[in-house]
Amino acid sequence: MTTGHVILDTDHERLVGLIDQLSASIIEGKSKIACAELLDGIIQHAKVHFAFEEQLMVEQCYPKADQHAIEHARLIRQAVRYMVKFNANCPESHIPLIHFPEDWLTFHILTADKELAEFLSAPF
Ligand SMILES: [Fe+2]
Ligand SMILES: [Fe+2]
């Protein structure tokens with residue numbers, strides 16, 4: 001799941017690592033507080049990462065910057081809604097929710113971020 005941009009890929013790897021940690025914690029039946037903390041960490045890390053990409057897009061005059069930023073805002077809203085749902089349910093019911101964080105981010109990385117990385121690496 002790489003875009004070819006070293007900084008973006010490193011950041012995505014960190015996010016995916018946190019998501020894997022959350023999935024493992026849910027499967028292992030870790031406490032709701034521990035899972036909620038991990039989920040909160042994912043959202044906080046995503047916010048920092050999205051802000052970095054948005055700054056980069058403005059600096060590099062990326063033509064799809066607005067559209068990409070709107071997608072980031074939508075992803076954060078989805079993640080917050082997911083967290084509310086996650087917090088409201090008992091640990092056993094978390095299993096059906098386990099794939100959300102991965103699905104949530106994968107599509108964005110493989111489409112919008114990949115397109116951004118291609119723009120950044122294109123010769124002028
Ligand atoms: Fe990204
Ligand atoms: Fe992005």
Side-chain angles (χ1 to χ4, degrees):
M1 200 166 64
T2 56
T3 65
H5 187 283
V6 177
I7 300 173
L8 296 190
D9 286 343
T10 305
D11 234 5
H12 292 154
E13 252 174 59
R14 218 172 296 150
L15 265 170
V16 170
L18 287 170
I19 288 169
D20 287 346
Q21 239 179 292
L22 175 63
S23 301
S25 297
I26 294 172
I27 291 167
E28 290 163 14
K30 293 262 170 74
S31 74
K32 196 170 172 171
I33 292 172
C35 293
E37 274 175 13
L38 274 169
L39 187 50
D40 187 56
I42 291 168
I43 293 172
Q44 296 315 316
H45 188 76
K47 282 182 179 174
V48 172
H49 170 68
F50 291 165
F52 169 75
E53 280 185 8
E54 285 163 25
Q55 189 190 342
L56 195 62
M57 289 190 284
V58 170
E59 282 169 6
Q60 301 297 318
C61 301
Y62 183 51
K64 292 185 176 177
D66 288 348
Q67 192 185 319
H68 196 129
I70 287 169
E71 208 176 306
H72 284 165
R74 186 179 55 80
L75 286 168
I76 292 297
R77 280 198 307 276
Q78 280 180 336
V80 169
R81 271 204 301 271
Y82 171 79
M83 187 155 81
V84 170
K85 202 169 165 187
F86 186 91
N87 287 339
N89 287 303
C90 59
E92 299 80 56
S93 68
H94 288 162
I95 299 298
L97 301 174
I98 207 167
H99 297 296
F100 171 83
E102 202 182 337
D103 299 341
W104 166 70
L105 198 66
T106 304
F107 182 72
H108 179 76
I109 292 174
L110 293 175
T111 55
D113 285 354
K114 205 170 171 73
E115 201 179 343
L116 170 62
E118 278 164 11
F119 171 84
L120 295 172
S121 66
F124 285 97

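This chain uses plain numbering: 1 for the first residue, then up along the sequence.
- To the nearest 0.5 Å, atoms CG (Leu116) and CE (Met57) are separated by 6.0 Å.
- Here Glu28 pairs with Lys30 under the salt bridge (Lys or Arg N to Asp or Glu O under 4.0 Å) rule; sequence neighbours left out.
- Using a 4.5 Å cut-off between side-chain heavy atoms of Ile, Leu, Val, Met, Phe, Trp and Tyr, with links allowed through other members, Ile27 and Phe86 fall into the same hydrophobic cluster.
- Sequence neighbours left out, the pairs with a member in residues 2-14 that pass salt bridge (charged side-chain N to carboxylate O under 4.0 Å, His left out) are Asp11-Arg14.
- Residue pairs meeting the side-chain hydrogen bond (donor to acceptor under 3.5 Å, both in side chains) criterion with at least one member in residues 108-117, sequence neighbours excluded: His12-Asp113, Lys64-Glu115, His68-His108, His68-Asp113, Glu71-His108, His72-His108, His108-Asp113.
- Side-chain atoms of Glu118 and Thr3, non-hydrogen and from C-beta on, never get closer than 4.5 Å to each other.
- In this structure, Ser121 has no side-chain contact (heavy atoms from CB on, under 4.5 Å) partners at least two apart in sequence or on a different chain.
- By the criterion of side-chain heavy atoms lying less than 4.5 angstrom apart, applied directly or through intervening Ile, Leu, Val, Met, Phe, Trp or Tyr residues, Leu110 is grouped together with Val16 in one hydrophobic cluster.
- Partners of Ile7 under the side-chain contact (heavy atoms from CB on, under 4.5 Å) rule, at least two apart in sequence or in another chain, are His5, Phe52.
- Among residues at least two apart or in separate chains, there is no ring pair (Phe, Tyr, Trp, His ring centres under 6.0 Å) pair with a member in residues 18-41.
- Identified under the salt bridge (charged side-chain N to carboxylate O under 4.0 Å, His left out) test for residues 42-60, with sequence neighbours left out: none.
- Tracing side-chain contacts under 4.5 Å through hydrophobic residues (I, L, V, M, F, W, Y), one never reaches Leu8 starting from Val58; they form parts of separate clusters.
- Atom CD1 of Ile70 and atom CG of Leu75 lie 12.0 Å apart (nearest 0.5 Å).
- Nearest heavy-atom pair, Cys35 versus Leu22, reported as atom, atom and distance to 0.1 Å: O-CD1, 3.5 Å.
- Atoms CZ and CE, from Phe107 and Met1 in turn, are 13.0 Å apart once rounded to the nearest 0.5 Å.
- Here the straight-line distance linking atom CZ of Phe119 with atom CG of Leu56 works out to 9.5 Å at 0.5 Å rounding.
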Distance-only check: which donor-acceptor pairs under 3.5 Å involve side-chain atoms of residues 37-46, not counting sequence neighbours?
residue, atom, partner, partner atom, Å
Asp40, OD1, Gln44, NE2, 3.4

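- In this structure, CG in Leu105 is found 5.0 Å from CD1 in Ile19, a value given to the nearest 0.5 Å.
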